[in-house]
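Read through the structure below, which is laid out as structure tokens, and then see the notes.
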Number of protein chains: 2
Amino acid sequence: MLKAEKKVSFFDTISPFVKISPKSRSALLSVMQKDHYPKGHVLVPLGGICRHVYYIEKGLSRTFYIKDGKDITEKFCTENSFTCSMPASITNVPDNRQIELLEPSIIWSMPYTELEKLYDDYHDIERMGRFVVTNELVHMHQRLSDLQFRSAEERYNNLLQKNPDLLQRVSLGLISSYLGITQETLSRIRSRV
Amino acid sequence: MLKAEKKVSFFDTISPFVKISPKSRSALLSVMQKDHYPKGHVLVPLGGICRHVYYIEKGLSRTFYIKDGKDITEKFCTENSFTCSMPASITNVPDNRQIELLEPSIIWSMPYTELEKLYDDYHDIERMGRFVVTNELVHMHQRLSDLQFRSAEERYNNLLQKNPDLLQRVSLGLISSYLGITQETLSRIRSRV
DNA sequence: TAGTGTTTTTGATAAATGTCAAAGGAAAAG
DNA sequence: CTTTTCCTTTGACATTTATCAAAAACACTA
């Protein structure tokens, strides 16, 4: 088997939507690093600037920040998806977002600066970037309209329906801030179903 | 003055961030259509699928949908920015988002299918697409964290600070749903400042 | 200017959610 | 098995926001 054909789930995730040429593929692989991390590992610490895009091959990450002393989960990220601290990566200004792993995980890291070089050189990689960002944007639209005019209960049921496994894998305290409510309220919602 | 150098504010908006070659520029112009519309004009009606990306040279648009009989403003869009019904354009599935103009406006329309052809042929146009979407995503992050854990009053003050002119141009009823609150609550917030 | 329709404000009340404190339960560690 | 720690639930109460109804302010037209 040729080296370039080695199975990497990253490309399985991408390829249905964006064709990546063999050359681009190896260029990408040359800047990607695969690591195994334990539960609790911090990918982006407080005060740090997120300079990588992460692809989660296995495991689960959480992006969060502290607001008025409260820990607020902005995003969960599971197998076969991408995560980074978007505002920081783009603007290069430190936001206060941190990323930590909630499970032992297999993570592919791509330095943002390397990725930008690849964007210059490979049209299809630029397209991949556009695709990933666009997907994320559609997803954000969904979340926004959830938060804008749905009750806490509706939001919970929504999550339960769309992402039932998340509730098995993550403690309720973290889920509640993701839904924009307190832990107590979430507990009460669950009890009255 | 060469035709290709004719002033189009669209390119002024883009060029600080993405270099567009003369060839790409005219390719873009060839699929862009400039129109003047009156206040109240509907760019994307109920039930329609948004098949264009719109650039607002002058004026103001509003993206909204009806939920439980209530009119909810998802987004305002002012001069020198882009709008489209993202979920519909991408997935080609009708969402129930409509786009209407709140002022007499000058709008450049780009058919989404044409744009995708240009993405294929011109790397820099694809980059422009990535840039626009990325910008929008950063902006959405901001809105999301606003809605997730800020009070109605904080959200209003935030808007007042970041977008004071919007409050001059748009009626409070439309602003309130954008902030995720009722009109009455918004009125009370304003009165107690 | 008077009249009509729209937007904004105000009032009374109800519903949803937050806060603080404490009690149960479950899981991990010894 | 017991202890310790962390996670979840429950209770009492405060606060925020929604709802429904009506009044007031404003803008446009005849």
Side-chain angles (χ1 to χ4, degrees), chain A residues 38-42 60 62 64-73 76 100-104 143-160 164-193, chain B residues 38-40 60 62 64-73 76 100-104 143-160 164-193:
Chain A
K39 171 176 176 171
H41 178 80
V42 176
L60 174 57
R62 172 176 91 101
F64 66 103
Y65 55 91
I66 308 291
K67 196 225 163 197
D68 301 341
K70 272 171 285 185
D71 176 313
I72 297 177
T73 298
F76 294 107
E100 67 174 11
L101 301 177
L102 300 180
E103 297 177 356
R143 277 206 69 202
L144 191 77
S145 67
D146 261 27
L147 283 170
Q148 203 174 355
F149 263 102
R150 276 180 153 65
S151 69
E153 182 158 355
E154 285 179 292
R155 277 175 271 158
Y156 171 73
N157 288 328
N158 227 17
L159 183 67
L160 196 61
D165 64 310
L166 203 59
L167 289 156
Q168 306 303 320
R169 295 165 74 176
V170 177
S171 77
L172 291 184
L174 302 184
I175 298 275
S176 64
S177 70
Y178 177 76
L179 292 173
I181 56 179
T182 61
Q183 179 164 338
E184 294 92 330
T185 299
L186 178 55
S187 175
R188 289 185 177 108
I189 286 170
R190 283 157 55 87
S191 73
R192 70 169 180 250
V193 173
Chain B
K39 171 176 175 171
L60 173 58
R62 173 175 90 101
F64 66 103
Y65 55 91
I66 308 293
K67 194 226 163 195
D68 299 342
K70 274 172 283 187
D71 176 314
I72 297 178
T73 298
F76 294 109
E100 67 174 9
L101 302 176
L102 300 179
E103 296 177 358
R143 279 206 69 203
L144 191 77
S145 67
D146 261 28
L147 283 171
Q148 203 173 356
F149 262 103
R150 275 176 159 49
S151 69
E153 182 158 356
E154 285 179 292
R155 276 176 272 159
Y156 172 73
N157 288 328
N158 226 19
L159 183 67
L160 196 60
D165 65 307
L166 202 60
L167 289 156
Q168 307 303 319
R169 296 165 75 177
V170 178
S171 76
L172 292 185
L174 303 184
I175 298 274
S176 65
S177 69
Y178 177 75
L179 292 173
I181 56 180
T182 61
Q183 179 162 340
E184 294 93 329
T185 299
L186 178 55
S187 175
R188 290 184 176 108
I189 287 171
R190 281 156 57 87
S191 71
R192 70 169 181 250
V193 175

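Order of the sequence lines fixes the chain letters, A, B, ..., with proteins taken first and strands second; residue numbering starts at 1 for each chain. Because only heavy atoms are used, hydrogens play no part in the values below, and waters and symmetry mates are left out as well, while side chains stay in.
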Quiz item: Whole-Å distance between D/dA18 P and B/Lys67 NZ?
Solution: 12 Å
Self-check item: Side-chain heavy-atom pair B/Tyr65, A/Ser145 within 4.5 angstrom cut-off
Solution: yes
Quiz item: Closest approach of B/Leu179 and B/Tyr156, non-hydrogen atoms and distance?
Solution: CD1-CA, 4.0 Å
Quiz item: Rounded to the nearest Å, what distance is computed from the OH atom of residue B/Tyr156 to the C1' atom of nucleotide C/dT9?
Solution: 14 Å
Quiz item: Roughly how many Å is it from CZ in A/Phe149 to P in D/dT17, rounded to a whole number?
Solution: 12 Å
Practice problem: Work out which heavy atom in A/Lys67 is nearest to a heavy atom in B/Phe149; give both atom names and the distance. | Solution: NZ-O, 3.1 Å
Exercise. Assess whether atom NZ of B/Lys39 is packed by more than 12 heavy atoms of other residues, nucleotides or ligands within 6.0 Å.
Key: no
Grab the N/O contacts between the protein and nucleotides 26-30 of chain C below 3.5 Å, and write none if there aren't any.
none

Quiz item: Does anything in residues 173-192 of chain A reach DNA chain C, meaning a heavy atom under 4.0 Å, and if so which residues?
Solution: A/Gly180, A/Ile181, A/Thr182, A/Glu184, A/Thr185, A/Arg188
Quiz item: Rounded to whole angstrom units, what separation is found between the CG atom of A/Asp68 and the P atom of C/dG18?
Solution: 14 Å
Practice problem: State, to 0.1 Å, how close B/Tyr178 and B/Leu159 come at their nearest heavy-atom pair, and which atoms those are. | Solution: CE2-CD1, 4.1 Å
Exercise. Sort and list the pairs that fulfil salt bridge (Lys or Arg N to Asp or Glu O under 4.0 Å) and have at least one residue in residues 165-179 of chain B, not counting sequence neighbours.
Key: B/Glu79-B/Arg169, B/Glu103-B/Arg169, B/Asp165-B/Arg169
Quiz item: Over how many whole Å does the gap from B/Glu154 atom CD to C/dG18 atom P extend?
Solution: 13 Å
Exercise. Return the value, rounded to whole Å, for the distance between atom CG of B/Leu172 and atom C1' of C/dT6.
Key: 13 Å
Quiz prompt | Among A/Arg188, A/Arg190, A/Arg192, the one residue meeting side-chain contact (heavy atoms from CB on, under 4.5 Å) with A/Glu153 | solution = A/Arg192
Practice problem: Search all heavy atoms of B/Leu174 against all heavy atoms of B/Phe76 and return the closest pair with its distance. | Solution: O-CZ, 3.8 Å
Quiz item: Over how many whole Å does the gap from B/Lys39 atom NZ to D/dC28 atom C1' extend?
Solution: 11 Å
Quiz item: Within this structure, what is the CG-to-P distance between A/Leu167 and D/dT8, rounded to whole angstrom?
Solution: 11 Å
Practice problem: Compare every heavy atom of B/Thr185 with every heavy atom of B/Ala152, then report the nearest pair and how far apart it is. | Solution: CB-CG2, 4.5 Å
